[in-house]
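Bear in mind that the values here come from a model prediction, so they are computed numbers and not experimental data.
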Protein chains: 2
Amino acid sequence: MATIHDVAELAGVSTSTVSRVLSRSRAVQPESTRKVLAAAEQLGYRYNAVARALRTQKSGTIGMLVPQISNPFFPALVEAVERRLAREGLELFLCDSQRDVAVEARRLRALVERQVDGVIISPYDLTASAPAVTALVGQLPIIQVDRRVDGALTDWVGVDDAAGFAQVVDHLVARGRRRLVFVSSELTNYSARARLDAVNAALRRHGLTAAQGPLLGAFEVEWGLAAAERVELDAVDGIVCGNDAIALGVLRALRKAGVRVPDDVAVTGFDDIPFAGIADPPLTTVRQHGTRWRTSASGCSSNRPDTARAASPSHPPCRSASRRRRPDRRLSDTGGQRIEE
Amino acid sequence: MATIHDVAELAGVSTSTVSRVLSRSRAVQPESTRKVLAAAEQLGYRYNAVARALRTQKSGTIGMLVPQISNPFFPALVEAVERRLAREGLELFLCDSQRDVAVEARRLRALVERQVDGVIISPYDLTASAPAVTALVGQLPIIQVDRRVDGALTDWVGVDDAAGFAQVVDHLVARGRRRLVFVSSELTNYSARARLDAVNAALRRHGLTAAQGPLLGAFEVEWGLAAAERVELDAVDGIVCGNDAIALGVLRALRKAGVRVPDDVAVTGFDDIPFAGIADPPLTTVRQHGTRWRTSASGCSSNRPDTARAASPSHPPCRSASRRRRPDRRLSDTGGQRIEE
DNA sequence: CCCCGGCTGGTAATCGTTTGCCAGCATGTT
DNA sequence: AACATGCTGGCAAACGATTACCAGCCGGGG
């Protein structure tokens with residue numbers, strides 16, 4: 001692999017000149033520029049990002065850690081992040097923590113060792129992931145996305161679960177449903193906790209209580225399939241699911257059991273993942289892919305302000321830090337056709 | 001951030017000793033070892049992978065490029081790869097080419113610049129992706145996975161599309177279906193091309209021809225929804241879909257149109273993605289997540305045998321290079337319950 | 001004519017590791 | 001006693017870029 005030295009030699013100039021031409025860091029005579037570019041071209045020179053990172057102390061890379069890439073919510077998020085970073089000339093270093101706190105901690109360390117300029121993490125566990133996340137605060141820019149841990153003072157970007165599930169509950173109540181049950185994930189992660197709280201708060205607002213204790217498993221189709229069998233069908237007229245995957249599983253199981261949706265029971269999801277579109281009857285869900293944002297809290301994630309921009313390119317570092325994404329209103333009568341309000 | 005020098009100073013030894021202790025590259029006296037470890041611990045030393053990579057000329061990182069991470073087939077693949085690499089102490093640098101050859105080329109260059117030890121790519125376009133892939137051959141270990149380009153002599157790991165779709169067609173024909181149509185993606189990518197060829201070959205073997213020309217769009221639910229409307233229902237009794245996403249879309253559209261599956265028409269998928277489980281009636285599909293492998297061709301991807309191991313850790317470099325994954329037989333009567341043969 | 005400032009391009013230090021080579025020392029062999 | 005051997009630990013040179021600093025040159029102003 002050709003180095004800057006080879007290029008310099010072939011062009012008959014010094015390495016500094018080559019560097020200056022290639023990185024446009026200082027003006028160089030047109031003649032030298034020409035020679036350098038020709039030599040680089042001829043040698044098929046590719047610059048070495050590792051050497052550059054060592055010298056400049058920035059890698060041009062952002063690390064991202066998600067709990068499970070096969071949960072369809074995350075690929076959508078990753079795609080958006082990657083596209084945005086690409087515009088800033090940053091690469092994304094994506095890792096999967098495999099829903100395992102130990103793996104998560106290891107991956108996080110690997111990212112730091114690789115000198116990423118910032119970390120975007122959706123921590124797996126509300127409490128068990130906290131030490132690893134907290135340890136990074138002050139070391140480098142770090143933000144949490146979608147999920148977050150208890151106690152770590154970092155920026156956070158996520159959907160407003162409270163507003164989203166309030167919408168869901170209001171929607172069901174407005175259509176006469178009074179006996180609801182919540183099917184979601186174990187409360188070890190932030191989303192599960194926040195969504196349960198949101199549902200309970202919304203019920204309370206309507207003077208209701210859940211028809212049955214929450215059924216808690218995992219944010220997966222399989223759990224939806226299993227949970228449906230535990231729903232007390234004579235006591236319930238609405239099943240609020242923690243996300244779309246669960247809802248799709250529930251729908252499938254209900255249909256198999258001959259339960260009519262939404263006549264006997266209504267089912268709602270959350271996220272509006274692509275596969276939500278194949279549900280039959282159509283799934284009532286709340287879209288998370290909106291573009292409007294709301295600032296709702298603040299904090300500071302970094303003591304390295306010079307690099308903070310890299311992690312949160314769209315706003316000044318350490319200002320209006322935490323953001324809460326307002327869910328799109330995209331509710332339809334469960335089982336009816338989909339409408340956009 | 002503490003460096004090896006800080007540790008050396010605090011421990012009262014030289015940097016070489018610290019390096020030797022930390023990387024276990026040579027025996028060191030127990031006493032020195034103890035001092036070094038204590039000092040490292042005290043300073044919270046984290047080693048700098050960038051410096052290490054520069055010096056050793058290997059980054060301990062494998063780059064992976066997939067056409068679209070939100071296609072559920074790829075996350076499953078990525079998870080498997082990441083788990084395997086972790087066992088070798090390698091990190092995965094995952095990128096999405098966004099089904100865009102230009103983005104793909106750019107990302108590929110970024111990976112090379114970051115000195116990845118090897119590249120795993122599922123190229124987007126059968127022909128247009130070829131130059132970028134070919135340019136890397138001989139530069140560093142590179143393998144193609146799932147999809148591949150025309151002409152590049154690299155290792156390749158993928159499902160045996162011919163065998164898989166032969167199974168599908170045989171299955172349908174054995175159940176009396178004679179008038180089949182193929183719904184798949186545009187032929188710009190390898191999978192689409194290979195699967196169309198496979199279906200046609202299988203039909204020919206049975207002395208049949210397709211009931212209708214293939215409907216080609218994208219490997220997505222939306223295309224399945226749209227394509228279903230173009231199926232000539234009176235001329236067709238079986239719809240062979242290029243993957244599960246399409247099949248799920250087709251099923252959804254047929255149900256909406258009141259077509260009975262499988263009575264009026266049978267539908268098959270391919271991949272057995274998690275969401276295939278929610279199809280109603282159950283989707284007939286072929287599982288790609290098997291663990292058995294078959295070697296079927298060979299080639300050599302690298303002129304750097306010392307690092308080739310990194311890219312294909314499970315077998316000696318440049319031997320029995322291309323592998324073809326044998327699809328699991330997991331066929332059931334379309335609409336009937338799922339069986340495993 | 002001298003000096004000053006701007007513009008170019010080169011020299012060399014630096015980023016944080018790894019590692020070849022060598023020196024010192026203890027031990028074992030003849 | 002002389003010498004070979006093995007084990008430790010340190011010195012310093014890389015790896016491939018960036019960049020502070022300097023030197024030379026040229027032109028303009030005093």
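Applying the 4.0 Å criterion to OP1 and OP2 of C:dG16, one finds that B:Thr3 has every side-chain N and O outside that range. Put simply, B:Ser32 has a side-chain N or O that comes within less than 4.0 Å of OP1 or OP2 on D:dG9. Checking the phosphate oxygens (OP1, OP2) of C:dT18, a side-chain nitrogen or oxygen of B:Arg52 falls inside 4.0 Å. Under 4.0 angstrom from either OP1 or OP2 of D:dG16 there lies at least one side-chain N or O belonging to B:Gln57.
Side chains of B:Tyr124 and B:Arg99: no donor on one and acceptor on the other come within 3.5 Å. Between the side chains of A:Thr154 and A:Gln144, a donor-acceptor pair is found at a separation under 3.5 Å. If you check the side chains of A:Arg114 and B:Thr61, you find a donor sitting under 3.5 Å from an acceptor.
For CD of A:Glu31, the number of neighbouring non-hydrogen atoms (other residues, nucleotides, ligands) closer than 6.0 Å is greater than 12. More than 12 non-hydrogen atoms from other residues, nucleotides or ligands lie less than 6.0 angstrom from CD of B:Glu79.
Using a 4.0 Å cut-off between a side-chain N of Lys or Arg and a carboxylate O of Asp or Glu, B:Arg107 and B:Glu104 do not qualify as a salt bridge.
In this entry the distance linking CZ of A:Arg46 with C1' of D:dG16 reads 15 Å, nearest Å. Remark: P of C:dG16 and CG of B:Asp6 are 9 Å apart, rounded to the nearest angstrom. The NZ atom of B:Lys58 sits 14 Å away from the C1' atom of C:dT19 (whole-angstrom rounding). For the pair B:Arg114 CZ and D:dA17 C1', the interatomic distance rounds to 14 Å; values are reported in whole Å. Between the C1' atom of D:dA17 and the CD1 atom of A:Ile4 lies a distance of 6 Å, rounded to the nearest Å. If you measure from atom NE2 of B:His5 to atom C1' of D:dC11, you get 11 Å, rounded to the nearest angstrom. For the pair B:Arg34 CZ and D:dG9 C1', the interatomic distance rounds to 17 Å; values are reported in whole Å. Atom pair B:Gln29:CD and C:dG24:P shows a separation of 18 Å (rounding to whole Å applied).
Ranked by how close their nearest DNA chain C nucleotide is to the 5' end, A:Leu54 and A:Gly12 are led by A:Gly12.
The side chain of A:Tyr45 lies closest to D:dA17 when the candidates are D:dA17, C:dT17, D:dG10.
Residue B:Val13 is classed as a sugar-phosphate contact, given heavy-atom separations below 4.0 Å to backbone atoms only. Among the atoms of the strands shown, only primed sugar atoms or phosphate atoms (P, OP1, OP2) are found under 4.0 Å from some heavy atom of B:Ala27. Using a 4.0 Å heavy-atom distance criterion, A:Val50 is classed as making no nucleic acid contact.
Across all non-hydrogen atoms, the minimal contact from A:Ser122 to A:Pro67 is O-CD, 3.2 Å.
Judged by atom type and distance alone, B:Arg55 does not reach the base of C:dT17 through any side-chain donor-acceptor pair under 3.5 Å.
Listed in residue order, the members of residues 16-26 of chain A having a heavy atom less than 4.0 Å from DNA chain C are A:Ser16, A:Thr17, A:Arg20, A:Arg26.
Proximity of B:Met64 to B:Leu77: side-chain heavy atoms (C-beta onward) are separated by under 4.5 Å at one or more points.
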